[in-house]
Amino acid sequence: MQLTTKEVKQKLTEITSDKDPFLEECKMDSRKGVQQLVGKWYKKNEQEKLLQQQYYHMSIYEKSAHDKGFHLIAGVDEVGRGPLAGPVVAAAVILNEDCYLPGLTDSKKLSAAMRERFYEQIRENAQAIGIGIISPKMIDEINIFEATKLAMKNAIKELTIQPNYLLLDAMKLDVPISQESIIKGDAKSVSIAASSVIAKVTRDRIMLELAKEFPEYGFEKHMGYGTKLHLEALKTHGVTVHHRKSFAPVKALVY
């Protein structure tokens, strides 16, 4: 008895190999609807293969560290160096060695919805997560570069399991832990990508709360960056305690 198109669709969702006999049968089916389903299966399968290749390619640094005997590897990254308002936030993430998060990459390349989805998946697949948050006041006191390093160190300290190896996005830290600095690391290492997502979602949530407190600044739209809307709001409403007074053009409005 011939399966209906709906039944074919359901059965195709269970197939993982392009050598499956049922898939071969479907390719011989003359019905247009079935042929469309076959085409969709191949397209989805190809996308999954590409994501798998990307994930394994982004696990090279982790594998190399494992081969050297390190098994508590933390990816460390930060967000919020450039904004005129809000904190700089860093995250440190130790992923389970057997975790698989296809599609995970630099948080800037992901939509807000995808970041939220990966945020939950990372939390489910991590041995430990630490977060470091440095306020605008402290940024003004020690400068953004030092604040970024401090946020990263604090994130590492917040880990419930201390790592024996760090993968950092274009940074080096004066901590007694073996480490590797990777240029554009958030797009080359799954651990750094994971930390970039955790840091980004954490900071965005902080800025969304500030948007409720200071609706006239539009923080929910620009997350504190110096957009035209933000600059106009600064001129109209002045500087808040959440602005970085050492950053131009905020500095010009304060002194």
Side-chain angles (χ1 to χ4, degrees), residues 1-75 77 91-129 161 163 165 167 169 180 182 184-201:
M1 182 177 173
Q2 189 179 49
L3 296 177
T4 65
T5 302
K6 186 176 181 181
E7 289 170 333
V8 170
K9 181 179 181 181
Q10 176 57 40
K11 195 164 181 180
L12 281 173
T13 62
E14 302 166 7
I15 291 175
T16 57
S17 170
D18 57 8
K19 305 297 184 186
D20 192 287
F22 180 70
L23 185 62
E24 292 300 316
E25 288 179 28
C26 290
K27 286 163 68 176
M28 302 301 291
D29 195 310
S30 61
R31 287 174 292 177
K32 184 179 179 182
V34 173
Q35 290 307 305
Q36 288 175 336
L37 290 173
V38 169
K40 287 180 180 178
W41 186 92
Y42 273 103
K43 185 176 181 180
K44 184 172 182 288
N45 184 253
E46 187 62 30
Q47 289 174 335
E48 288 174 352
K49 283 182 179 178
L50 289 173
L51 289 176
Q52 185 182 60
Q53 289 171 3
Q54 178 199 39
Y55 189 81
Y56 288 140
H57 183 71
M58 287 181 66
S59 300
I60 289 173
Y61 291 97
E62 285 78 3
K63 186 179 184 304
S64 175
H66 286 150
D67 292 344
K68 294 173 186 174
F70 298 105
H71 295 284
L72 291 172
I73 301 164
D77 198 11
V93 178
I94 302 176
L95 291 171
N96 292 323
E97 287 188 32
D98 61 350
C99 83
Y100 179 55
L101 299 168
L104 176 62
T105 187
D106 172 11
S107 63
K108 295 187 290 296
K109 297 180 180 179
L110 300 171
S111 66
M114 289 180 72
R115 286 196 296 268
E116 287 288 343
R117 179 166 64 83
F118 276 120
Y119 178 87
E120 296 303 329
Q121 291 181 359
I122 292 163
R123 288 174 63 86
E124 292 169 5
N125 287 275
Q127 292 186 59
I129 294 175
I161 303 169
Y165 199 82
L167 292 174
D169 185 14
E180 187 170 1
I182 307 166
K184 298 188 184 299
D186 45 13
K188 295 178 181 177
S189 155
V190 290
S191 299
I192 299 177
S195 64
S196 104
V197 168
I198 294 294
K200 175 65 175 167
V201 172

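FYI, side chains are in, hydrogens and waters are out, and symmetry mates aren't considered; it's all heavy atoms of this structure.
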> Are Val197 and Gln121 close enough that some pair of their side-chain heavy atoms sits under 4.5 Å apart?
Replying inline: no
> What's the shortest heavy-atom distance between Ala91 and Ala199, and which atoms?
Replying inline: CB-N, 3.8 Å
> Say you draw a straight line from OH of Tyr119 to OG of Ser107; how long is it, rounded to the nearest 0.5 Å?
Replying inline: 13.0 Å
> How far does OG of Ser191 sit from CD1 of Ile122, to the nearest 0.5 angstrom?
Replying inline: 10.0 Å
> Does Ser59 use its side chain to pair, donor to acceptor, with the backbone of Glu62 at less than 3.5 Å?
Replying inline: no
>> Using every non-hydrogen atom in the two residues, find where Met58 and Thr105 come nearest and quote the distance to one decimal.
In response: CE-CA, 4.1 Å
> Would you find a donor on one side and an acceptor on the other, under 3.5 Å apart, between the side chain of Gln35 and the backbone of Cys26?
Replying inline: yes
> Do you know which two heavy atoms are closest between Glu180 and Tyr165, and how far apart they sit?
Replying inline: OE1-OH, 3.1 Å
> Is the backbone N or O of Asn125 less than 3.5 Å from a side-chain atom of Asn96, with the two atoms forming a donor-acceptor pair by type?
Replying inline: yes
> Which atom pair, heavy atoms only, marks the closest approach of Tyr42 to Leu23?
Replying inline: OH-CD2, 3.5 Å
> So, Trp41 side chain and Ile15 main chain: donor-acceptor pair closer than 3.5 Å or not?
Replying inline: yes
>> Is it the case that over 12 heavy atoms from other parts of the model lie below 6.0 angstrom from the NZ atom of Lys11?
In response: no
> Got a second to check how far Leu12's CG is from Glu7's CD, nearest 0.5 Å?
Replying inline: 12.0 Å
> Taking the side chain as C-beta and beyond, is there a heavy-atom pair between Ile192 and Ser195 under 4.5 Å?
Replying inline: yes
> From Leu95 CG over to Ser189 OG, what is the distance, rounded to the nearest 0.5 angstrom?
Replying inline: 8.5 Å
> What's the spacing between Lys108 NZ and Arg115 CZ if we round to 0.5 Å?
Replying inline: 10.0 Å
>> Closer than 4.0 angstrom, basic N to acidic O: yes or no for Glu24 and Lys27?
In response: yes
> Of all heavy-atom pairs between Ile182 and Asp169, which one has the smallest distance, and what is that distance?
Replying inline: O-OD1, 3.4 Å
>> Closer than 3.5 angstrom, by distance alone: can the side chain of Ser64 be matched with the main-chain N or O of Tyr61 as a donor-acceptor pair?
In response: no
> Under 6.0 Å from the CZ atom of Arg123, do we count more than 12 heavy atoms belonging to anything else shown?
Replying inline: no
> Within a strict 4.5 Å, meaning less than it, do heavy atoms of the Phe118 and Val201 side chains meet?
Replying inline: no
>> So which atom in Leu51 and which in Pro102 form the shortest heavy-atom distance, rounded to 0.1 Å?
In response: CB-CB, 4.0 Å
>> Could you measure the distance from the CD atom of Glu25 to the CG atom of Asp20? Nearest 0.5 Å is fine.
In response: 8.5 Å
